[in-house]
There are 2 protein chains.
Amino acid sequence: MKRPTMADIAREAGVSKGAVSYALNGRAGVSDETRRRILAIADQLGFRANSAARALAGAQAKVVGLALPRPPATLGVEPFFMELISGLEAELSTRSYALLLQTVPDETGEIGLYRRWWSESRVDGVLVCDLRVHDQRVTILRELGLPAVVIGPPSSAGGLASIWSDDQISMTEAVEYLVALGHRRIARVGGIPRLAHTAIRTRAFGEACERLGITEATTVSTDYTGENGAQVTRALLCRQARPTALVYDNDIMAIAGLGVAHELGLRVPADLSIVAWDDSPLCRLVGPPLTALSRDISAHGVQAARMLLSAMEGSPVEDVHDEPAHLSPRGSTAPPPQGSRP
Amino acid sequence: MKRPTMADIAREAGVSKGAVSYALNGRAGVSDETRRRILAIADQLGFRANSAARALAGAQAKVVGLALPRPPATLGVEPFFMELISGLEAELSTRSYALLLQTVPDETGEIGLYRRWWSESRVDGVLVCDLRVHDQRVTILRELGLPAVVIGPPSSAGGLASIWSDDQISMTEAVEYLVALGHRRIARVGGIPRLAHTAIRTRAFGEACERLGITEATTVSTDYTGENGAQVTRALLCRQARPTALVYDNDIMAIAGLGVAHELGLRVPADLSIVAWDDSPLCRLVGPPLTALSRDISAHGVQAARMLLSAMEGSPVEDVHDEPAHLSPRGSTAPPPQGSRP
DNA sequence: AGCTGGGGAAAAACCGCTTAAGTCGAGCCG
DNA sequence: CGGCTCGACTTAAGCGGTTTTTCCCCAGCT
């Protein structure tokens with residue numbers, strides 16, 4: 001089977017390739033009459049512009065890239081990325097952009113990938129996630145002039161357009177809620193510490209606790225995996241004065257934590273309250289359903305894709321401040337057990 | 001910043017573009033001496049062949065496509081795809097192939113996507129999953145001559161190379177295990193019925209039950225979502241003579257089912273045994289940990305990518321029969337409650 | 001001396017599309 | 001009626017690779 005080319009259409013319509021190009025791209029230079037004829041023929045032949053040729057001729061590749069900065073093994077369980085991807089996809093596909101995906105082992109690898117994508121002209125723009133506090137990637141991207149949108153706090157975006165939700169607000173809400181329930185010993189199972197949003201959450205957690213007079217407020221770091229979350233939870237719950245409430249940095253760890261609580265014979269929420277961050281359907285499916293900081297990640301993705309598309313068109317793009325995750329109280333939180341109240 | 005091109009290298013080295021091409025691609029036609037010089041210069045300039053130009057010149061695009069045939073919303077929770085993707089990625093990235101991802105609403109959309117990918121020369125090959133019993137997609141792909149590997153049973157692959165694990169064996173193992181524990185009323189919460197592997201599992205479930213003299217063996221269909229799984233579970237457990245064991249077609253629904261059991265005051269495994277299919281880390285994290293049919297999806301992905309790569313090279317590719325999912329007994333299965341034994 | 005053969009490399013064609021520049025006839029104006 | 005503008009196309013030059021063809025030079029043979 002042979003692919004039809006513009007030359008075929010031109011021959012068929014008795015015009016030049018150039019005219020066909022103008023007609024197909026909706027540009028001036030051909031009469032409406034001719035345009036219609038060309039479009040009809042193109043349609044009938046099932047013509048599709050060869051993406052390589054188009055990209056080569058200086059137009060866009062119609063591809064955006066997303067580097068996934070987590071080891072492949074941990075990606076599977078983390079619903080965040082898949083939801084983000086489906087949001088991105090939803091927007092990109094309507095504009096017939098494709099999404100190029102690649103996992104990278106670390107920041108260096110990611111920078112190499114951007115360099116390669118750039119020098120191969122493989123993508124028109126990229127989305128950057130998991131921002132570090134001082135992130136080299138933004139520097140490189142600006143240097144390369146590769147359009148990019150950062151999914152993360154603008155404070156670390158180094159001038160690139162960014163979309164984020166204010167984790168400080170959400171964290172504060174969670175802590176206030178727990179304190180209002182009567183909790184005084186609250187611990188946090190945090191994510192990877194070098195990530196910018198983790199830092200923000202850690203600070204917010206600390207500040208909120210201090211403001212509310214909670215002196216026993218620990219944050220323990222993890223790598224976001226369920227195993228690690230379970231491990232840390234176990235350690236926390238075996239302490240002398242165990243916390244009465246745990247705040248997790250993602251939902252997977254929260255679910256793992258729930259499992260550990262069961263295992264140790266602690267009742268949730270009677271003996272232990274649990275708050276998850278990110279509210280995948282899973283949170284509603286476990287027993288008890290988890291109180292979670294929920295936000296619409298997929299919508300986040302849609303928005304990010306939109307921003308990137310307009311950045312690629314060259315229009316100046318404003319940082320977007322998406323709605324912060326808000327607390328959805330469910331069955332996993334309650335006042336602390338009697339004995340542990342002051 | 002300007003991208004170095006082959007012309008730049010040629011000028012620098014005082015040779016022609018053609019010589020550079022030969023040198024870089026390790027083909028005959030240049031002396032070792034010249035080749036070394038060219039390679040050195042290319043390296044020093046950080047040269048990367050423009051992927052569009054390369055694709056245009058008839059070489060490969062170095063991209064493989066994966067259409068995700070599920071509504072974006074359900075993708076997030078389903079660990080299967082993400083694990084598959086990370087496996088694919090692991091293999092593809094070592095050979096510097098990129099993975100192009102797109103969600104499609106239905107089979108028609110997917111066929112359209114393949115057509116478009118083909119006519120745009122966007123991909124060198126595709127991976128097909130979620131096979132239907134009589135799947136149109138395989139016909140189209142053969143017609144287009146687009147290299148493809150089917151992730152699913154060869155019976156529905158219509159001659160395309162396929163990689164699969166024998167779900168019949170696994171299903172039989174699960175049923176035998178439950179029956180050996182003493183269960184007599186077993187129900188199955190199945191996946192989307194028009195998918196080929198679902199059909200295979202349904203048949204295997206029915207046959208195994210019949211062979212073992214289990215007369216009350218129902219299969220209920222779902223759309224694989226946790227919600228649907230919960231719903232169906234609720235209905236099954238409210239029946240007159242409720243089943244003492246449930247076999248789920250994925251892990252998400254199994255977890256949802258566990259939640260429902262808790263909600264109804266049934267103890268797992270004392271009152272109800274649960275078997276999950278696909279063993280994401282989640283299964284080990286809930287309480288009790290779920291007995292599951294586990295297989296290495298990521299390895300499956302690696303293998304699939306390898307097959308596709310060799311199919312794209314034109315070598316004949318044998319169907320691969322991956323190891324079937326095998327039962328990992330955990331805390332969610334036990335003999336049925338006393339009263340319900342015959 | 002003349003012919004052949006072959007290796008190393010230059011030259012040029014080509015892939016399919018975009019786009020600047022050029023052509024040509026029609027319409028308008030002074 | 002000459003000169004101009006303008007719309008509708010055509011021409012042709014890239015884009016950055018690959019591949020085919022051509023060319024040159026020199027060794028080897030008759």
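In what follows, every chain begins at residue 1, and chains take the letters A, B, ... in the order their sequences are listed.
Scored by the salt bridge (charged side-chain N to carboxylate O under 4.0 Å, His left out) test, R37(A) finds no partners at all (sequence neighbours excluded). For D130(A), the side chain to side chain donor-acceptor pair (under 3.5 Å) partners at least two apart in sequence or on another chain are R70(A). Scored by the salt bridge (charged side-chain N to carboxylate O under 4.0 Å, His left out) test, R295(B) finds D278(B) as partners (sequence neighbours excluded). For L100(A), the side-chain contact (heavy atoms from CB on, under 4.5 Å) partners at least two apart in sequence or on another chain are V63(A), W117(A), R122(A), V123(A), A98(B), L100(B). Taking the side chain to side chain donor-acceptor pair (under 3.5 Å) definition, one finds that Q44(A) meets it with nothing, sequence neighbours left out. With sequence neighbours left out, the side-chain contact (heavy atoms from CB on, under 4.5 Å) criterion links Q136(B) to E107(B), I111(B).
Counting any heavy atom pair closer than 4.0 Å across all strands shown, A19(A) reaches a base atom. S16(A) comes within 4.0 angstrom of a base, heavy atoms only. Residue T5(A) is in sugar-phosphate contact alone, with no base atom involved, counting any heavy-atom pair closer than 4.0 Å across all strands shown. Using a 4.0 Å heavy-atom cutoff across all strands shown, V20(A) reaches no nucleic acid atom at all. Counting any heavy atom pair closer than 4.0 Å across all strands shown, G58(B) reaches no nucleic acid atom.
Residue pairs meeting the salt bridge (charged side-chain N to carboxylate O under 4.0 Å, His left out) criterion with at least one member in residues 5-23 of chain B, sequence neighbours excluded: D8(B)-R11(B). Listed by first and then second residue, the side-chain hydrogen bond (donor to acceptor under 3.5 Å, both in side chains) pairs that reach into residues 152-164 of chain B come to none, sequence neighbours excluded.
Here the C1' atom of nucleotide dA10(C) and the CZ atom of R11(B) are 16 Å apart, to the nearest Å. Between the P atom of dC17(C) and the CZ atom of R122(B) lies a distance of 13 Å, rounded to the nearest Å. Taking atom CG of residue L56(A) and atom C1' of nucleotide dT18(C), one finds them 10 Å apart after rounding to whole Å. Computed from coordinates, the N25(B) CG to dA9(C) P distance equals 16 Å when rounded to whole Å. To the nearest angstrom, P of dG16(C) lies 13 Å from CD1 of I9(A). If you measure from atom NZ of K17(A) to atom P of dT18(C), you get 10 Å, rounded to the nearest angstrom. Going from atom CG of L24(A) over to atom P of dT18(C) covers 8 Å, rounded to whole Å. Between M6(B) atom CE and dA9(C) atom P there is a gap of 15 Å when expressed in whole angstrom units.
In this structure, of dC17(C), dT18(C), dT19(C), it is dC17(C) that holds the atom nearest to the side chain of N50(A).
S121(A) contributes no side-chain N or O that, together with a main-chain N or O of N50(B), makes up a donor-acceptor pair within less than 3.5 Å. In this structure a side-chain-to-backbone donor-acceptor pair under 3.5 Å is missing from R54(A) to K62(A). Side chain of D124(A) to main chain of V64(A): no donor-acceptor pair is present (N/O by atom type, distance under 3.5 Å, no hydrogens or angles).
Chain A approaches DNA chain D within less than 4.0 angstrom (heavy atoms of the protein), and the contacting nucleotides run 5' to 3' from dA8(D) to dG16(D).
Overall bending of the helix from dA1(C)-dT30(D) to dG30(C)-dC1(D), expressed as the angle between end axes built from five pairs apiece, is 70° (10° steps).
Using a 4.0 Å cutoff on non-hydrogen atoms, the parts of residues 30-48 of chain A near DNA chain D are V30(A), S31(A), T34(A), ordered by number.
Remark on DNA chain D: of its neighbouring residues A53(A) and Y22(B), the 5'-side contact belongs to A53(A), judged by nearest-heavy-atom nucleotide. When the nearest nucleotides of DNA chain C are assigned to V15(B) and A57(A) by heavy-atom distance, the more 5′-ward of the two goes with V15(B). Looking at which nucleotide of DNA chain C each of A49(A) and G14(B) is closest to, the 5′-most match is held by G14(B).
Between P4(A) and G46(A) the shortest heavy-atom distance is CG-O, 4.1 Å.
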Which atom pairs, one a donor and one an acceptor, fall under 3.5 Å between side chains of residues 300-309 of chain A and the rest of the protein, sequence neighbours left out?
{"from": "H300(A)", "atom 1": "ND1", "to": "D322(A)", "atom 2": "OD2", "distance (Å)": "2.7"}
{"from": "R306(A)", "atom 1": "NE", "to": "E91(A)", "atom 2": "OE1", "distance (Å)": "3.4"}
{"from": "R306(A)", "atom 1": "NE", "to": "E91(A)", "atom 2": "OE2", "distance (Å)": "3.4"}

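Between R54(A) and dT18(C) there is a side-chain N or O to OP1 or OP2 distance below 4.0 Å.
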